[in-house]
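For reference, the structure is listed below as structure tokens.
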Amino acid sequence: MPTLFVYLPCYNEAGNLRRLTEEWLAEAEALARTGYQLTVIPVDDRSTDDTLAIARQLAQEQARVRVIAHAVNQNLGGVVKTAIGDFLQVSQPGDLMCLMDGDDTHKPRFIHGMLAKITREKQCVIASRYQPGARVQGLQASRKLFSDGARLYYTLVLHVPGVKDYTCGYRVYTRPALQAGVARYGQALVEKKSFACMMELLYKLYRCGCTFAEVPFTLYYDSKEGESKMNLGKTIRDSFLTALRLRVRG
């Protein structure tokens with residue numbers, strides 16, 4: 001049976017990680033019925049709270065949980081690179097990689113609709129805030145303005161077919177799509193360390209022939225504990241400049 005590898009980027013998520021992991025484990029039986037076994041992999045990015053201890057405790061309690069720990073903080077881009085490298089090393093043909101935020105704002109139950117969309121023709125499925133039926137709860141007005149503005153800007157500059165949500169981190173990737181990305185770009189597949197890495201990865205995979213689909217989901221921003229890790233001003237500048245460079249350089 002193929003495996004769905006779920007990677008959870010974690011930096012100071014002590015208040016969210018156990019709940020999110022248990023929500024994933026609650027989906028294991030339903031996933032098995034659709035033909036996938038589940039492995040959940042928290043990737044701790046040198047947290048300064050109890051995140052790593054909680055992750056290791058979960059791994060002791062649950063055979064489906066495995067932990068990766070960074071020795072130094074590498075930010076989101078570094079976690080994404082680690083997840084891709086680990087997945088390509090341990091996976092087999094037919095396995096899938098899921099990446100999502102580790103703060104419990106993305107709910108595992110939406111994975112079933114995403115898996116239903118994965119085919120040879122659709123190699124990356126995005127949980128999208130911009131599909132009919134999607135909802136956003138508890139998002140600050142400044143963050144919503146940034147997200148909506150980024151969507152319009154990326155659509156204009158990058159214009160990836162099938163994509164409306166360029167920044168949501170909740171995605172499922174096929175193994176061949178990631179292999180093609182690494183074959184073309186190598187370690188440069190993910191260069192940005194900031195939240196712009198999600199848009200960067202999406203566009204570079206598109207340049208490698210990856211095709212995309214989206215499903216609606218609900219973003220539960222009001223369910224997270226702790227402060228946002230995003231520096232909004234820096235992220236806006238970095239993201240907008242990165243999109244221009246990607247379009248020019250490919």
Side-chain angles (χ1 to χ4, degrees), residues 1-9 20-21 23-41 43 64 66 79-102 105-134 154 158 160-185 189-190 197-219:
M1 182 184 296
T3 298
L4 174 68
F5 291 89
V6 178
Y7 293 86
L8 307 178
L20 176 58
T21 302
E23 289 171 355
W24 268 110
L25 294 172
E27 300 296 333
E29 187 174 329
L31 286 168
R33 288 197 296 269
T34 59
Y36 291 95
Q37 57 187 346
L38 174 67
T39 297
V40 181
I41 307 167
V43 184
R64 298 181 187 275
R66 176 167 63 85
V79 173
V80 173
K81 288 182 73 170
T82 293
I84 293 172
D86 182 78
F87 173 73
L88 292 180
Q89 182 175 19
V90 303
S91 63
Q92 300 294 322
D95 292 346
L96 298 174
M97 172 180 156
C98 176
L99 188 71
M100 66 168 353
D101 292 356
T105 58
H106 300 165
K107 298 300 182 181
R109 67 175 178 272
F110 293 103
I111 191 62
H112 303 289
M114 298 170 76
L115 293 179
K117 288 272 191 176
I118 281 279
T119 64
R120 262 186 204 175
E121 291 73 35
K122 301 298 180 183
Q123 299 167 308
C124 176
V125 176
I126 302 165
S128 173
R129 294 160 290 179
Y130 303 112
Q131 289 293 325
Y154 295 145
L158 301 179
V160 177
V163 176
K164 293 183 178 180
D165 198 330
Y166 287 80
T167 57
C168 183
Y170 193 177
R171 302 174 187 167
V172 177
Y173 305 88
T174 65
R175 192 166 179 259
L178 294 172
Q179 286 175 321
V182 170
R184 174 166 178 170
Y185 291 99
L189 179 60
V190 181
C197 68
M198 299 309 302
M199 172 268 298
E200 175 195 17
L201 175 61
L202 187 154
Y203 189 72
K204 286 180 175 178
L205 291 181
Y206 163 63
R207 295 288 294 173
C208 295
C210 183
T211 51
F212 300 85
E214 294 188 337
V215 299
F217 88 123
T218 301
L219 175 65

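Keep in mind that what you see is a predicted model, and the values were worked out from it rather than measured.
Under the rule for a side chain to side chain donor-acceptor pair (under 3.5 Å), the partners of Tyr130 that lie at least two apart in sequence or sit in another chain are Asp148. Every residue two or more places apart in sequence or in another chain that forms a side chain to side chain donor-acceptor pair (under 3.5 Å) with Tyr7 is listed here: Asp86.
In this structure a side-chain-to-backbone donor-acceptor pair under 3.5 Å is present from Gln37 to Met1. Arg184 places a side-chain N or O within donor-acceptor distance of the main-chain N or O of Arg207, the cut-off being under 3.5 Å. In terms of modelled atom types and a separation under 3.5 Å, the side chain of Tyr170 and the main chain of Lys107 share a donor-acceptor contact.
Side-chain contact check for Pro9 versus Val43: every heavy-atom pair is 4.5 Å or farther apart. Taking 4.5 Å as the limit, every side-chain heavy atom of Leu202 sits out of range of all side-chain heavy atoms of Cys210.
Expressed to the nearest 0.5 Å, how far CG of Leu88 lies from OH of Tyr173 amounts to 12.0 Å. The CD1 atom of Ile111 lies 9.0 Å from the CD atom of Glu27; values are rounded to the nearest 0.5 Å. Put simply, OG1 on Thr174 and CG on Leu205 are 9.0 Å apart, with the number rounded to the nearest 0.5 Å. Atom CD of Glu214 and atom CE of Met114 lie 10.0 Å apart (nearest 0.5 Å). To the nearest 0.5 Å, the span separating CD1 on Ile84 from CE on Met97 amounts to 5.0 Å. To the nearest 0.5 Å, atoms CZ (Phe87) and CG (Leu96) are separated by 6.5 Å.
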- prompt: Where do Cys208 and Tyr185 land on the side chain to side chain contact (heavy atoms under 4.5 Å, CB included) test, with the steps shown first?
  reply: CA-CA 9 Å; Cys208 295; Tyr185 291 99; 3.6 Å; yes
*Starting from the C-alpha separation in whole Å, work towards a yes-or-no answer on side chain to side chain contact (heavy atoms under 4.5 Å, CB included) for Trp24 and Leu8.*
CA-CA 11 Å; Trp24 268 110; Leu8 307 178; 4.0 Å; yes
Step-by-step side chain to side chain contact (heavy atoms under 4.5 Å, CB included) determination, His106 to Cys168:
CA-CA 10 Å; His106 300 165; Cys168 183; 4.0 Å; yes
>> Working note: Val190 + Glu200, criterion side chain to side chain contact (heavy atoms under 4.5 Å, CB included); need CA distance, chi angles, decisive distance, verdict.
In response: CA-CA 7 Å; Val190 181; Glu200 175 195 17; 4.1 Å; yes
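Applying the salt bridge (Lys or Arg N to Asp or Glu O under 4.0 Å) rule to pairs touching residues 162-180 yields Arg129-Asp165, sequence neighbours excluded.
Using bins of under 30°, 30° to 60° and over 60° for the plane-to-plane angle, the ring pair Phe217/Phe110 lands in the perpendicular bin.
By the neighbour-count criterion of 12 heavy atoms within 6.0 Å, atom NZ of Lys117 is sparsely surrounded, having that number or fewer from other residues, nucleotides or ligands.
For the residue pair Pro2 and Asp95, the shortest heavy atom distance occurs at CA-OD1, 3.4 Å.
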